[in-house]
Amino acid sequence: MKSAQESERGSVLKAIPSVDQVLGTETAAAFAEEFGRAAAVRVARDVIGEFRDELEAGALEDVDRETLAFNIEERFKEALEGERRSALRRVINATGVIIHTNLGRAPLSAGAMKAIEQASGYCPLEYDLETGRRGRRGSRAEALIAEITGAEEAVIVNNCAAAAVLVLSSLCEGKEAVISRGELVEIGGDFRVPDVMERAGASLVEVGTTNRTRTSDYENAITENTGLFLKVHPSNYRIVGFTSVPTVGELAEAAHSKGLLLYEDAGSGALVDLTQFGLGDEPLIAESIAAGADVVTFSGDKLVGSVQAGFIVGKAGPLSRIRTNPLYRAMRPSKIIYAALEATLASFRTGSMFEEVPVLRMLSQSRESLELRTRELAAALNDRVDEGVSVEVKDGASVVGGGSAPGTHPPGSLIFIRSAKAGANEIEAALRGSDPPVIARIENDAVVIDLRTVEESDLAELAVLIPEALG
Ligand SMILES: *Cc1c(COP(=O)(O)O)cnc(C)c1O
């Protein structure tokens, strides 16, 4: 005989709706409409399964049929929201980290966005409109970056890591690459210079010490198997104090006198001088080329401010070996990438990059205009928030990010928000959950809003979303 409790649970189990019943609800219909029936069936099964498990484990006593149906509907709603939230969608970056790798690095210029739209349908990616014959993929973007950097040739691949692999595989496979101990760095967790070199078939010869390396250290390491000298920009890492490394010019001269090549991985790669914004440490690509580097690689989505891409620029000889490497085929970008790069590079060509390219616009924003925007938003917030919330403007600093200029903190104004009702973590999470999500940072138990990385067109929305998140 079953106990009373067991038969009660049995009847509750029977009250669990069937998959078809669940799919008949409003939320399930909306889910199926947006994500397809198969996905909706999967969620319905999961949700029902979870409830059955909980009931059998005795975790849910005394639930009636209606509560059960309601709970199942609620879980379906959560699944629907979760599915929507996981899409790549617009967020407002209020962190002040300009090249925020987790938020997609560089935001694109209006010109680049338009170019992407234009190229979305058919476009003459590998088609010569003059002759009606096959053309070379990416030729315009490559010509533009070569022109801007003063290089003879350029090849573009999917990112700078791919560029480094392609260069080493083309020019140094089975040979030795001589590199300073101070440059054997890890960039962003999954790009370790020594590992990349090894995979590309080059063997590593370390010279000098962590803080000091001389040209003669490179020269003394030359054997008959030396392929090239490699210089890597340490990017997210700085050694300060008693340090010295040879310049690109000195290394190029030493390499060339022995019939060797110099390859520089510049990482961020500045196309224009950014010294006045505190970025004097970033290698200027045109200077490296002028100083004699044979090949230089850098990213498309760091200080160039465009889409993810890897630029390889340099002399015609090595570049033609790079272009004809069969690995290139596995690394070539899509039409969307070339379209965006063409537009971004056009801004550098006309000299309008500080107005048009968001990364450079944000970096070069004056303290006065940043303070003005910050005070305006703070005033709007103060009008809208409840008592118990404090909104203060204070001096502070932003971050360049993306492994560029780790020691540089562009000064500006920040908004500090504190609430008597909720902690900073809670407010930060509520902002993240808003639509569109607002990403902020936390400092001294306050939520900090840094407008350096917020577009003018997002300010009005922010003035509504923040008070909402403060509840
Ligand atoms: C960022 C960086 C890379 C990797 O560039 P991705 O475009 O992210 O692949 C490689 N080398 C250096 C020196 C870098 O700073």
Side-chain angles (χ1 to χ4, degrees), residues 97-108 138 141 145 149 154-169 171-172 177 179-200 202 204 228-239 245 248 251 262-271 274 279 281-285 287-288 293 295-314 322 327-328 330-334 336-338 340-341 344-345 359 399-408:
V97 180
I98 300 173
I99 305 170
H100 198 308
T101 298
N102 298 352
L103 298 182
R105 286 203 184 151
L108 300 184
I145 194 66
T149 58
V155 172
I156 301 173
V157 292
N158 283 326
N159 51 49
C160 188
V165 170
L166 189 63
V167 169
L168 290 168
S169 151
L171 307 178
C172 202
I179 182 171
S180 162
R181 285 204 167 79
E183 297 176 0
L184 287 169
V185 291
E186 172 175 309
I187 293 147
D190 48 10
F191 183 94
R192 283 188 162 177
V193 174
D195 297 349
V196 170
M197 292 179 59
E198 198 180 305
R199 283 301 170 118
L204 191 79
L228 48 74
F229 288 176
L230 170 59
K231 190 172 174 59
V232 178
H233 185 60
S235 296
N236 50 6
Y237 167 82
R238 287 290 179 277
I239 303 171
V245 287
V248 171
L251 272 189
L262 172 64
Y263 161 37
E264 181 185 23
D265 179 13
S268 283
L271 295 182
L274 302 172
L279 296 177
D281 256 8
E282 289 301 323
L284 255 176
I285 306 302
E287 273 181 10
S288 290
V295 179
V296 183
T297 55
F298 53 104
S299 287
D301 53 357
K302 292 182 183 170
L303 290 170
V304 174
S306 194
V307 279
Q308 180 189 302
F311 291 107
I312 308 172
V313 298
I322 288 164
L327 264 187
Y328 167 67
M331 302 174 174
R332 65 179 199 184
S334 78
I336 298 296
I337 300 302
Y338 292 120
L341 291 175
T344 306
L345 295 175
V359 164
V399 177
V400 180
S404 312
T408 304

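Each ligand, and each atom within it, is numbered from 1 in the order the structure gives.
Heavy-atom proximity to Lys302, at under 4.0 Å, picks out these atoms of ligand 1: 1 (C), 2 (C), 3 (C), 5 (O), 14 (C), 15 (O). Under a 4.0 Å criterion applied to the non-hydrogen atoms of His233, ligand 1 contributes the atoms 13 (C).
With a heavy-atom cut-off of 4.0 Å, Gln308 does not touch ligand 1 at all. Looking at Arg105 against ligand 1, only its side chain comes within 4.0 Å, counting heavy atoms.
Between Val232 and ligand 1, not a single N/O pair is under 3.5 Å apart. Close N/O approach between Ala161 and ligand 1 is found [any backbone or side-chain N/O within under 3.5 Å].
Pro333 and Asn158 get closest at one heavy-atom pair: CA-OD1, 3.2 Å. Here the closest heavy-atom approach between residue Glu282 and residue Ala270 is recorded as CB-CB, 4.4 Å.
Residues meeting the side chain to side chain donor-acceptor pair (under 3.5 Å) test with Tyr263, sequence neighbours left out: Thr297. For Thr101, the side chain to side chain donor-acceptor pair (under 3.5 Å) criterion is met by Arg105, not counting sequence neighbours.
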Could you go step by step and tell me if Asp301 and Asn159 meet the side-chain contact (heavy atoms from CB on, under 4.5 Å) rule?
CA-CA 9 Å; Asp301 53 357; Asn159 51 49; over 6 Å; no
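For atom 7 (O) of ligand 1, the choice among Pro283, Ser299, Ala164 with the nearest heavy atom turns out to be Ser299.
Just one residue in the list Leu271, Ile98, Ile99 forms a side-chain contact (heavy atoms from CB on, under 4.5 Å) with Leu303, and that residue is Ile99.
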